[in-house]
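Working notes, structure below.
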Amino acid sequence: MTMPDTLATPDAPPRPRRSLRRRVAIAVVSVVTVVVVIALVAAGFVVWTIQRSFPQQDGTVEAAGLTSEVTVHRDDLGVPTIVADSTHDLFFAQGYVHAQDRFWEMDFRRHVTSGRLSELFGASQLGTDAFLRTLGWRRIAEQEVTALDDRSRGYYDAYAEGVNAYLADHDGADVSLEYALLGLQNADYEIEPWTPADSVAWLKAMAWDLRTNVEEETERALLRSAYTPEQIAELYPAYPYDRNPVIVPTIAATGDATTDAARAGAPGIAWEEVDGVLEAVAALVGDAGEGIGSNSWVVSGALTESGLPLLANDPHLGASLPSVWHQVGLRCRTVTGACPFEVTGFGFAGMPGVIIGHNADIAWGFTNLTTDVTDLYVEAIEGDAYWRGGELVPLERRTEILRVAGGDDIELEIRATGHGPLVSGLTEDFTAIAEQPVEGAPGGEPAVSLQWTALEPGTTARALFALNTARDFAGFQAAAALFDVPAQNLVYADRAGNIGYQTPGRLPIRGAGDGSLPQPGWDPAYDWRGYIPSGELPMLYNPEAGYIVTANNAIVGESYPHELTVDWDHGWRAARIVDLIERTAAAKKLTADDMSAIQADQEFWMGTRLAVAYAGIEVDDAATRRALGLLADWDAQNLDRSPAAAYANVLWDELVQDLFSRRPDPAPVSGQDRLFTLVDRLLDDPGSSWWTNEQIGVAGRDEMLARAAEDASDRLTALQGEDPAQWRWGTLHALPLTHASFGTSGIAPIEALFNRGPVPVGGGTSVVDATGWTIGTGSFATVTVPSMRMTVDLADLDASRWNQLTGVSGHAFHPHYIDQVEAWQEGRQTPWPFTLDAVREAAAHTLALVPAD
């Protein structure tokens with residue numbers, strides 16, 4: 001018996017039968033409706049989770065700890081200018097604003113600098129933590145905080161109070177989206193209060209990023225087993241003093257400039273695996289490898305349209321998302337001796353004050369000094385002691401506990417000699433150096449120690465405030481004297497019309513060695529003899545040339561009495577900047593637009609050199625001839641849409657590998673500035689043995705050049721097609737914007753939340769527009785960048801301009817997360833208001849921070 005599909009009643013007609021197809025369709029619609037509702041709810045939850053941490057930018061917020069109202073104006077890029085009645089409230093508010101914009105970045109960084117990443121992400125980070133604990137950045141930062149003067153300590157304390165006032169009202173995902181994801185893996189994690197040592201420790205990370213030379217020292221040491229000293233010397237040529245500029249052509253005593261200034265009237269989760277610990281640290285804090293450096297220059301009023309100086313700066317650092325920089329203005333409502341700040345520029349989230357920028361009277365810029373401030377020593381260890389001057393000396397020892405999310409605590413024993421901590425056993429390269437036989441060793445087990453200026457307490461934490469409030473060259477020099485680590489070139493300009501340069505830093509005076517190779521730790525003859533006295537450090541004040549250029553090139557000539565390094569950047573960027581300044585000045589008076597245009601210059605010097613070298617090279621392959629034809633009319637500009645630039649860079653990569661790395665005993669190909677000098681000399685020496693490489697079956701310069709040309713053509717054809725007119729350097733050289741922590745989680749949906757790009761870019765390594773890439777790796781992706789660009793017009797500070805890589809905000813999906821990328825990509829700088837009237841006029845948002853009742 002078949003039951004009816006519906007029941008009829010006497011008062012109603014029977015319902016029509018529904019087909020199975022219709023019933024299924026209704027069911028599907030119902031399920032889809034439920035799924036859509038669930039998806040909408042989930043999407044709403046995700047949006048709410050993402051947006052709940054976005055900072056309040058308008059209205060009024062009560063903050064316990066403030067003594068009076070503080071105003072925070074933000075322009076249409078979200079850049080804050082903070083106006084307060086006292087220094088306490090000014091730095092309190094900066095801490096509050098940094099926590100609003102970037103607290104996850106701050107928290108992540110302090111775990112890096114403390115060697116506590118395992119507490120966040122588990123056992124995968126133990127190797128990195130062990131290395132960083134061994135260096136002891138956090139311990140040294142705590143010592144530096146203890147040594148601060150009362151005023152500076154007050155600034156750091158006020159800043160920490162502001163951060164903690166924000167955290168008092170925000171927790172977990174209310175602080176940043178990253179905490180919601182961290183909770184999936186580490187549900188017990190709790191945010192700790194901020195401390196001054198958390199701020200100061202980041203200076204150690206930046207010093208590591210900019211330390212220079214320890215990689216070259218390691219490379220040379222490991223090459224000794226396969227190459228002769230003469231070959232190693234060829235691979236690491238000296239600075240080309242005959243063709244590229246030095247910063248300070250003649251040396252003047254520091255004291256003379258102060259006197260001259262007075263006479264002149266100057267006014268007073270599961271992380272991406274990397275190859276080793278050093279690579280992991282590089283990924284976390286920046287890599288002192290390919291492309292790290294900076295450009296800065298200053299031009300006097302004698303050469304400018306306004307009659308007052310112009311100053312330009314663009315530091316080259318590892319690409320990061322968010323950018324390492326946070327733009328900010330700090331203003332005392334009434335500038336007095338008790339509240340002297342009227343400064344704007346670029347700082348670090350987590351650090352009070354401004355690192356690079358200008359105040360009402362002076363402007364300054366930084367580039368990496370590239371002096372050698374690290375040395376490796378091979379030590380002879382016997383039990384708990386080491387050999388030193390013919391005697392056994394007890395090792396310094398300490399034990400630290402590494403706490404591991406989801407795992408057991410690990411006990412770490414750290415040992416050190418008088419030179420520094422023992423680092424062999426922590427990285428493959430340092431361990432390999434320790435295993436090399438050393439003539440004259442007194443016995444025992446070999447180990448490698450690291451001596452580095454940043455492993456002693458310093459004064460940089462005070463220097464920033466002195467720099468922010470300096471009013472003339474004498475004050476600038478006094479601040480520079482405190483800026484000991486990381487060692488930087490400091491350029492200067494003021495509204496009185498003066499320009500200057502000062503080498504600061506704690507620069508070692510070496511004994512028997514020059515720092516180019518690891519030294520015998522048991523022989524005191526190789527010890528450091530102290531530091532170069534400040535009065536003997538290079539400086540310039542109002543040079544006759546009318547400009548000063550620093551681009552990590554040699555500071556001084558060969559007659560300077562102290563050994564600073566054997567590993568300068570070889571000066572190709574500096575030479576190009578000098579050329580552009582002189583050529584432009586010969587035609588007209590310089591403007592801020594000219595300074596910005598120089599920063600965007602993309603001339604690839606080696607591209608020009610290769611075009612000349614290939615003019616007489618014949619190749620049989622028709623496709624290769626077409627590719628080489630691109631170089632004939634090329635202006636050597638590495639423009640992002642340039643086919644010729646694409647081919648020239650691939651050609652350069654192939655040639656370098658054929659010359660050096662495709663050998664039974666590969667030679668390092670790090671440092672394209674060094675390789676420019678090396679290959680330039682080899683091109684003029686067709687009989688050099690480097691042109692013969694049996695492994696690839698090549699003998700002679702012309703044969704190797706032809707081989708590289710054909711391989712480059714084939715490679716680029718495989719990457720971008722057979723039509724050379726469609727090749728694009730910018731696509732090949734694109735910049736991936738990768739979140740510093742969750743951006744390499746290995747989980748695609750999580751990475752998609754935080755990562756952006758890739759962004760096509762022009763420029764290149766050892767190009768003024770220094771978008772560095774790593775040669776010999778199979779990739780041309782941009783890894784280092786002009787992290788910011790600024791041009792300061794001392795005639796009208798409100799006419800200055802600036803830009804950074806990403807944006808002010810560290811919150812994924814916030815409007816200011818990547819809103820500066822397009823301008824950065826185009827080399828276009830944005831308005832930089834300074835005077836209070838200009839700041840108010842530019843304000844898109846105004847927030848009042850008021851004391852809590």
Side-chain angles (χ1 to χ4, degrees), residues 210-214 216-217 220 233 236-260 367-377 419 451-454 456 458-459 473 476-478 480-492 500-520 523-545 548-571 574 677:
L210 300 170
R211 66 200 178 277
T212 73
N213 169 267
V214 74
E216 288 86 351
E217 187 174 337
R220 281 188 289 260
Y236 292 87
Y239 185 83
Y241 289 102
D242 58 335
R243 65 186 308 163
N244 288 345
V246 298
I247 297 170
V248 183
T250 57
I251 301 300
T254 302
D256 293 342
T258 306
T259 305
D260 290 346
T367 64
N368 199 22
L369 206 61
T370 65
T371 47
D372 185 359
V373 294
T374 58
D375 275 338
L376 298 174
Y377 287 87
H419 296 119
Q451 185 164 17
W452 177 31
T453 55
E456 301 173 22
T459 55
F473 193 65
F476 167 78
Q477 285 187 296
L482 296 171
F483 205 99
D484 50 11
V485 174
Q488 299 286 288
N489 296 297
L490 268 66
V491 295
Y492 166 93
Y501 163 87
Q502 180 65 56
T503 296
R506 187 187 293 156
L507 307 182
I509 299 174
R510 289 178 169 81
D514 64 2
S516 63
L517 288 166
Q519 301 167 131
D523 187 347
Y526 290 86
D527 287 354
W528 291 1
R529 303 290 191 247
Y531 300 103
I532 299 174
S534 59
E536 297 177 24
L537 292 171
M539 58 80 61
L540 278 175
Y541 188 68
N542 290 334
E544 185 177 345
I548 303 167
V549 172
T550 80
N552 317 118
N553 51 314
I555 302 170
V556 291
E558 296 172 283
S559 62
Y560 185 66
H562 300 292
E563 180 70 60
L564 296 178
T565 187
V566 297
D567 291 307
W568 302 112
D569 179 281
H570 280 232
T677 303

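Side chains included, hydrogens not; waters and symmetry mates left out as well; all remaining heavy atoms used.
- Using a 4.5 Å heavy-atom threshold, the side chains of D372 and V566 count as separate.
- Both cation-pi conditions hold for R220 and Y236: the charged atom is under 6.0 angstrom from the six-membered ring centre and inside a 45 degree cone around its axis.
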Could you please spell out the steps behind the side-chain contact (heavy atoms from CB on, under 4.5 Å) verdict for H419 and D527?
CA-CA 8 Å; H419 296 119; D527 287 354; 2.8 Å; yes

Dump the intermediate steps for side-chain contact (heavy atoms from CB on, under 4.5 Å) on I509 and W528, then the final yes or no.
CA-CA 6 Å; I509 299 174; W528 291 1; over 6 Å; no

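- The minimum heavy-atom distance linking V246 with G557 is given by the pair CG1-N, 4.3 Å.
- Between T453 and P508, the shortest heavy-atom contact is CG2-CD, 4.3 Å.
- The closest donor-acceptor contact from the side chain of E217 to the backbone of L376 lies under 3.5 Å.
- Looking at Q477 and M539, their side chains come closer than 4.5 Å, going by heavy atoms from C-beta outward.
- Below 30°, between 30° and 60°, or above 60°: for F473 and Y492 the angle between ring planes is above 60°, a perpendicular geometry.
- Minimum heavy-atom separation, Y526 to G513: CD2-N, 3.6 Å.
- The two residues N553 and P245 have their closest heavy-atom pair at ND2-O, 2.9 Å.
- Looking at D375 and W452, their side chains never bring a donor and an acceptor atom within 3.5 Å of each other.
- Residues forming a ring pair (Phe, Tyr, Trp, His ring centres under 6.0 Å) with H570 (at least two apart in sequence, or on another chain): none.
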Please evaluate residues N552 and T370 with respect to the criterion side-chain hydrogen bond (donor to acceptor under 3.5 Å, both in side chains), reporting the C-alpha separation (whole Å), side-chain torsions for both, the decisive distance (0.1 Å), and the verdict.
CA-CA 6 Å; N552 317 118; T370 65; 5.6 Å; no

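- Inter-residue side-chain proximity for Y501 and I555 is flagged as met; some heavy-atom pair is nearer than 4.5 Å.
- Two residues are said to be in side-chain contact when any heavy atoms from C-beta on lie closer than 4.5 Å; R510 and E563 fail this criterion.
- When all heavy atoms of T371 and L507 are compared, the closest pair comes out as OG1-CD2, 3.4 Å.
- The closest side-chain heavy-atom distance from D484 to P504 is not below 4.5 Å.
- In this structure, Y560 and I532 have side chains that are in contact, with non-hydrogen atoms separated by less than 4.5 Å.
- Looking only at atom types and distance, the side chain of D514 has a donor-acceptor partner in the side chain of S516 under 3.5 Å away.
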